[in-house]
Amino acid sequence: MLRIYNTLARDKQEFTPIVPGKVGMYVCGMTVYDYCHLGHARVLVVFDMVYRWLKASGLDVTYVRNITDIDDKIIKRAAENGESIHALTARFIAAMHEDADALGVQRPDHEPRATQYVPEMLEMIAQLEQNGLAYKATDGDVNYAVRKFPGYGKLSGKSLEDLRAGERVDVTDSKHDPLDFVLWKHAKEQEAAEVKWDSPWGKGRPGWHIECSAMGSRLLGQHFDIHGGGADLQFPHHENEIAQSEGAQLVDGKHGQFVNYWMHNGFVNVDKEKMSKSLGNFFTIREVLKKYDAEVVRFFILRAHYRSPLNYSDMHLDDANQSLNSLYTALKHVPVEDAAVDWNEPHAQRFKAAMDDDFNTPEAMAVLFELSKQVNSSKSIEAARQLKALGGVLGLLQEEPVERSQRPRNIVMEANIVLEGVTANIAVATYTSESINNLIDARTAAKQAKNYAEADRIRKELLAAGIVLEDSASGTTWRRA
RNA sequence: GGCGAGAUAGCAAAAUGGUUAUGCAGCGGAUUGCAAAUCCGCCUAUCCCAGUUCGAUUCUGGGUCUCGCCUCCA
């Protein structure tokens with residue numbers, strides 16, 4: 001039985017879908033004005049893992065991950081670049097898809113864009129106005145009247161009083177309450193035509209939070225199962241989504257429930273500080289993928305629990321790389337075709353128990369390592385199949401191990417390693433597999449002639465280029481260090 | 001200032017009121033012509049102070065420190 005940590009309850013709860021066997025899941029995706037960084041990678045990978053596990057559990061999942069393609073930052077960036085909003089967002093949506101695909105993230109079932117749902121947003125704003133929760137302010141914006149919504153603060157655990165006491169809340173004259181937020185921003189003279197939509201409140205564009213409420217309700221219904229996103233969205237974004245979506249539903253004077261389970265993933269940190277644009281301590285996904293395999297990055301993300309902080313550094317990625325290699329090495333020695341998981345087998349049961357406990361991927365991975373140990377010592381095909389199949393549940397271990405071990409590294413930085421006292425530059429790619437095989441043949445001949453000096457010379461020559469030779473009963477194979 | 005999360009071995013990271021987490025790194029051994037890989041063994045832990053308990057890393061209270069949210073943020 002799956003248990004999920006529900007931010008709304010601040011506790012793990014048994015997961016019960018609204019409609020038995022079906023799950024509606026919505027995750028806040030990107031605002032597309034720049035390349036995705038590792039923080040975005042974590043959301044993508046974590047909820048991809050959740051999506052996969054729900055499906056593996058036999059549930060019929062509808063996964064929606066939105067794209068915010070209209071917002072202040074987008075408008076600003078487009079103006080800076082002297083390009084249209086559409087050109088800008090199209091570019092970064094394509095880039096995001098490249099990054100997500102590389103990380104083995106499955107496409108969601110729906111990927112709605114804010115600009116395609118403006119009518120739904122207007123409909124919701126009208127409903128809020130009708131329910132007495134929205135008002136047109138003197139400056140022309142339509143605002144949400146926070147104090148009129150009874151449950152405001154229930155997700156983030158903040159009271160209106162606490163929030164007002166905060167030093168950093170903007171005070172705008174046109175708002176009835178400083179905490180009121182904008183549903184519809186009135187159009188400004190200087191803004192381009194492509195950011196202006198007609199509405200009953202005049203020309204304008206949507207506020208930040210309304211798009212998720214409108215798209216979620218449209219695609220998953222007014223009441224759905226899971227809503228996820230980064231922990232920083234808890235307040236105000238998700239709090240406001242609740243206010244909007246529940247505020248718009250009013251039956252017999254009572255507001256309906258919007259989402260049953262709220263999930264929030266932890267941040268990616270650099271030197272213990274949150275990776276963020278303002279601090280300038282972020283690494284884009286594509287930047288990191290120049291140095292590390294995408295699967296290593298995915299492994300790195302999933303080896304920590306999704307709610308824990310995740311500290312990024314090259315050292316940690318190197319460590320993740322070594323760990324993942326060892327799993328692949330086990331599969332290299334016992335090659336298997338694709339296979340389904342045997343869920344009755346003890347490892348799979350422990351894996352399932354871990355995943356069912358709020359998606360405990362570190363525990364699930366520990367099972368993978370124990371399985372790999374069994375593969376190494378027993379050479380069991382069944383164990384190897386199980387290892388690959390369980391890895392597949394996490395979106396890992398699906399590459400061909402030998403091919404993977406011989407693929408040239410896409411390392412751009414100078415990277416030296418020391419093996420056997422030889423300093424190897426693993427960026428050197430001067431040896432083709434053909435030339436390597438020729439050298440292996442020459443070395444085999446030298447070995448047969450008991451000319452070990454020559455055999456060792458060849459081995460060290462290759463080692464200096466980051467190529468490791470491995471002798472076995474069935475001959476010599478090679479891999480990149 | 002308000003609210004919240006967390007402190008586990010060299011590093012990373014789970015779990016647990018008593019019984020080996022796991023991985024990387026390191027050390028010793030087996031194996032190997034030498035290696036690599038693998039196997040076996042070893043090595044380092046539960047922030048501090050009280051309390052509850054037969055027993056606490058785990059529960060309670062206090063403290064210290066770190067981080068996050070309260071403003072755009074995944």
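Being a predicted model, the structure only gives us computed values, none of them experimental. Lettering of chains follows the sequences in order, A, B, ..., and the numbering in each one begins at 1.
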- Query: What distance, rounded to whole Å, do you find between the two P atoms, one in B:G2 and one in B:A50?
  - Reply: 29 Å

- Message: Mind checking if A:G266 touches a base, just sugar-phosphate, or nothing, with heavy atoms under 4.0 Å?
- Response: base

- B:C3 versus B:A45 - spacing of their C1' atoms, nearest Å: 31 Å

- Task: With P as the reference atom in both, quote the distance from B:G61 to B:U52 in angstrom, rounded to an integer.
- Result: 15 Å

- Task: Have a look at A:R303 and say if it touches a base, only the backbone sugar-phosphate, or nothing, with a 4.0 Å heavy-atom cut-off.
- Result: sugar-phosphate

- Is there a donor and acceptor pair closer than 3.5 Å between the side chain of A:K373 and the base of B:C39? no

- Please work out if A:V268 contacts a base, only the sugar-phosphate, or nothing of the nucleic acid, heavy-atom cut-off 4.0 Å. base

- Task: Between B:G6 and B:U46, how far apart are the C1' atoms? Round to whole Å, please.
- Result: 14 Å

- Message: The side chain of A:T329 is closest to which nucleotide in this list: B:A37, B:G33, B:A74?
- Response: B:A37

- Give a yes/no answer on whether the side chain of A:N269 brings an N or O atom under 4.0 Å of OP1 or OP2 in B:C67. no

- Side chains of A:T89 and A:D69: donor-acceptor distance under 3.5 Å anywhere? no

- Message: So A:S308, base contact, sugar-phosphate only, or nothing? Heavy-atom distance under 4.0 Å.
- Response: sugar-phosphate

- Task: Look at all strands and tell whether A:G230 reaches a base, only sugar-phosphate, or nothing, counting heavy atoms closer than 4.0 Å.
- Result: sugar-phosphate

- Item | Reported CE-to-CG distance for the pair A:M25 and A:D225, which is rounded to 0.5 angstrom | 10.5 Å

- Task: Would you indicate what A:M315 reaches in the nucleic acid, counting non-hydrogen atoms under 4.0 angstrom: base, sugar-phosphate, or nothing?
- Result: sugar-phosphate

- Query: To the side chain of A:H316, which of B:A15, B:A36, B:A12 is closest?
  - Reply: B:A12

- Task: Give one of base, sugar-phosphate or nothing for A:N376, where a contact means two heavy atoms less than 4.0 Å apart.
- Result: sugar-phosphate

- Verify whether one side chain among A:E241 and A:Y26 offers a donor that lies under 3.5 Å from an acceptor in the other. no

- Query: Do A:T68 and A:E211 have a side chain donor and acceptor closer than 3.5 Å?
  - Reply: yes

- Message: Please report the distance, rounded to the nearest Å, between CZ in A:F283 and P in B:A74.
- Response: 18 Å

- Would you indicate what A:K158 reaches in the nucleic acid, counting non-hydrogen atoms under 4.0 angstrom: base, sugar-phosphate, or nothing? base

- Message: What I want to find out is whether A:D101 reaches A:R107 closely enough, with some N-O distance under 4.0 Å, to be called a salt bridge.
- Response: yes

- Any sub-3.5 Å donor-acceptor pair from A:S213's side-chain atoms to A:I210's backbone N or O? no

- Task: Looking at every strand, decide which applies to A:L469 at a 4.0 Å heavy-atom threshold: base, sugar-phosphate, or nothing.
- Result: base

- Item | Atom P, compared across B:C27 and B:G10: separation rounded to whole Å | 16 Å

- Between B:C11 and B:U44, how far is it from one C1' atom to the other, in whole Å? 12 Å

- Query: Hey, does A:R307 reach any base, or is it just sugar-phosphate, or nothing, if we go heavy atoms under 4.0 Å?
  - Reply: nothing

- Quick one: which of B:G33, B:A36, B:C39 gets closest to the side chain of A:S377? B:C39

- Task: Check every strand shown and say whether A:F369 touches a base, only sugar-phosphate, or nothing at a heavy-atom separation below 4.0 Å.
- Result: sugar-phosphate

- Message: What's A:S326 touching, base or sugar-phosphate or nothing? Going by heavy atoms closer than 4.0 Å.
- Response: sugar-phosphate

- Could you summarise the pairing of RNA chain B as dot-bracket text, marking Watson-Crick and G-U pairs under 3.5 Å with ( ) or [ ] inside the strand and | across strands? (((((((..(((.....[...))).(((((.......)))))....(((((..]....))))))))))))....

- Message: Please determine whether any donor N or O and acceptor N or O are separated by less than 3.5 Å between the side chain of A:D232 and the base of B:G68.
- Response: no

- Query: Is A:H37 touching bases, backbone alone, or none of the nucleic acid, heavy atoms closer than 4.0 Å?
  - Reply: base

- How is A:H333 classified with respect to the nucleic acid when contacts are heavy atoms under 4.0 Å: base, sugar-phosphate, or nothing? sugar-phosphate

- Message: Strictly below 4.0 Å, N to O, side chains only: are A:D48 and A:R52 in salt-bridge contact?
- Response: yes

- Item | Point-to-point distance, once rounded to the nearest 0.5 Å, from CD1 of A:I4 to CG of A:D357 | 11.0 Å

- Query: Can you check whether A:K332 has a side-chain N or O nearer than 4.0 Å to OP1 or OP2 of B:U38?
  - Reply: no

- Item | Base B:C34 to side chain A:D471, donor-acceptor N/O within 3.5 Å cut-off | yes

- Considering only side-chain heavy atoms of A:K73, which listed nucleotide, B:C72, B:A37, B:G68, is closest? B:C72

- What distance, rounded to whole Å, do you find between the two C1' atoms, one in B:G17 and one in B:C70? 37 Å

- Distance-only, no hydrogens or angles: does the A:R298 side chain make a donor-acceptor pair with backbone N or O of A:G104 under 3.5 Å? yes

- Message: So, under a plain 3.5 Å distance rule, would you say the side chain of A:R443 forms a donor-acceptor pair with the base of B:G33?
- Response: yes

- Going by distance alone, is a donor N or O of one side chain under 3.5 Å from an acceptor N or O of the other, for A:D109 and A:Y51? yes

- Task: Look at the side-chain N and O atoms of A:Q322 and state whether any lies under 4.0 Å from the OP1 or OP2 oxygen of B:G23.
- Result: no

- Quantified in whole Å, what is the C1' atom distance between nucleotide B:G23 and nucleotide B:C43? 16 Å

